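Residue numbers start at 1 and run along the sequence shown. Predicted model only: the values in this text are computed from it and were never measured.
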Amino acid sequence: MLDGLPIWFWYLVVIAGTAVLVVRHLPRVARRRKHQHAPAVAVARPEEPPAMTRIEMPEILDWLQRRAPRSPDLWHILPDLNWDYEEHLLPILLWVVRQPECDAATAIDILKLMNADVTLDRASGGTTWTFGAFDPNDSDEVRLLQAICERSEGGGFAGPVLKQTMWPSTHANRQYLEMLQDVLAKIEAEGRSVPFPLPVKLLSAPVPDDVRPARTPVQTYDDAILVPLDMA
């Protein structure tokens, strides 16, 4: 049926379609012209992050002792460094847990990350995960666990103000303590002993509801930290 329509009908169809397209695009063209002639408006840029410098793990302890701010928030992120480099990380964490301002949450995170049950066995002369000769009296791993346990049962740690990153709950902490108590019972059943107490007070204390994440511009990056230039 459409083949029999006169040619002038098709001209009308084309003209009508063109008119629809023009009407549809007029507002868009008008907006584009308006924007082209509008004066430039200053737009506030987001604040740029500070320039950072990298401090490798062998240099971190010296930086903490000499130049870094005394910041429990900063210390709280250091257990996130790579534990494959224990020869550098353990002395850093030992220094941290000996600082008067060290938060309880930091000490708990270290306990859970260091596999304290294995270290407890090693401290008693056990051979769990031990390859070759191991002297518990010459081990930063044992020294770190001992420092946390003795401070727990002595003067205690600051806070907690900060939020644990490792299973942050009262129930999880007490479960971890029960696990350590089971390991100690096994050690003693085998006629061995551990020369320091378990961290009962540290792991038994309720976790407050108002703890917060650490606030620091420093970032951990595997085996290094990224530090703002004005802190380096």
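- Remark: the backbone N or O of Leu94 is not paired with any side-chain donor or acceptor of Arg143 at under 3.5 angstrom.
- In this structure, Asp103 and Ala105 approach most closely via the heavy-atom pair OD1-N, 2.9 Å.
- In this structure, Met114 and Leu145 have side chains that are in contact, with non-hydrogen atoms separated by less than 4.5 Å.
- Here CD1 of Ile148 is found 12.5 Å from CD of Glu153. Values are rounded to the nearest 0.5 Å.
- Not one N or O on the side chain of Thr119 forms a donor-acceptor pair closer than 3.5 Å with the backbone of Val142.
- No donor-acceptor pair closer than 3.5 Å links the side chain of Glu101 to the backbone N or O of Ser71.
- Considering every non-hydrogen atom in both Pro195 and Ala123, the closest pair reads CD-O, 3.9 Å.
- Taking the side chain as every heavy atom from C-beta outward, Ile225 and Leu78 approach each other to under 4.5 Å.
- Between Ile110 and Pro79 there is a side-chain heavy-atom pair separated by less than 4.5 Å.
- Taking CG from Leu120 and CG from Asn115, the interatomic distance works out to 12.0 Å, rounded to the nearest 0.5 Å.
- For the atom pair Asp182 CG and Asp117 CG, the distance stands at 10.5 Å (nearest 0.5 Å).
- Residues Leu162 and Leu64 do not share a hydrophobic cluster, clusters being chains of Ile/Leu/Val/Met/Phe/Trp/Tyr side chains in contact below 4.5 Å.
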- [ ] For side-chain contact (heavy atoms from CB on, under 4.5 Å), just list the numbers for Val207 and Ser169, CA-CA rounded to whole Å, side-chain angles, deciding distance to a tenth of an Å, and then say yes or no.
- [x] CA-CA 6 Å; Val207 176; Ser169 73; 5.6 Å; no
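- Between Val161 and Pro72 the shortest side-chain heavy-atom distance does not fall below 4.5 Å.
- Note that the CE atom of Met52 and the CG atom of Asp230 stand 9.5 Å from one another [nearest 0.5 Å].
- Of the possible polar contacts, one joining the His76 side chain to the Lys163 backbone as a donor-acceptor pair under 3.5 Å is found.
- When only modelled atom types and interatomic distance are considered, Asp73 and Thr216 share no side-chain donor-acceptor pair under 3.5 Å.
- Here the CG-CD1 distance, from Asp223 to Ile55, works out to 13.0 Å after rounding to the nearest 0.5 Å.
- The shortest distance between side-chain heavy atoms of Arg192 and Asp121 falls below 4.5 Å.
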Open item on the list: One pair to check against side-chain contact (heavy atoms from CB on, under 4.5 Å): Leu198 and Leu203. What are the steps and the verdict?
Closed with: CA-CA 9 Å; Leu198 293 181; Leu203 293 174; over 6 Å; no
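- Counting non-hydrogen atoms of neighbouring residues, nucleotides and ligands closer than 6.0 angstrom, the NZ atom of Lys186 reaches no more than 12 such neighbours.
- Between Phe157 and Val97, the shortest heavy-atom contact is CE2-O, 3.7 Å.
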Task: Asp140/Glu86 under side-chain contact (heavy atoms from CB on, under 4.5 Å): CA gap, chis, key distance, verdict - done: CA-CA 9 Å; Asp140 283 336; Glu86 287 187 351; over 6 Å; no
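- Side-chain atoms of Leu93 and Trp75, non-hydrogen and from C-beta on, never get closer than 4.5 Å to each other.
- Considering only heavy atoms from C-beta on, Glu190 stays 4.5 Å or farther from Ser124 through its side chain.
- What you find for Leu177 and Ser204 is that their closest heavy atoms are CD2-OG, 3.4 Å.
- In this structure a side-chain-to-backbone donor-acceptor pair under 3.5 Å is missing from Tyr176 to Ile108.
- When hydrophobic clusters are built by joining Ile, Leu, Val, Met, Phe, Trp and Tyr residues whose side-chain heavy atoms come closer than 4.5 Å, directly or via intermediates, Val218 is grouped together with Tyr85.
- Atom CZ of Arg70 has more than 12 neighbouring heavy atoms from other residues, nucleotides or ligands inside a 6.0 Å radius.
- When all heavy atoms are compared, the tightest approach of Leu81 to Ala224 is CD2-O, 3.3 Å.
- Looking at heavy atoms from C-beta onward, Lys112 lies in side-chain contact with Asn173 at the 4.5 angstrom threshold.
- Leu89 approaches Met57 most closely through the heavy-atom pair N-SD, 3.8 Å.
- Judged by distance alone, the side chain of Trp63 and the main-chain N or O of Met231 form a donor-acceptor pair under 3.5 Å.
- Annotation: the span from Thr53 atom OG1 to Leu226 atom CG amounts to 8.5 Å, rounded to 0.5 Å.
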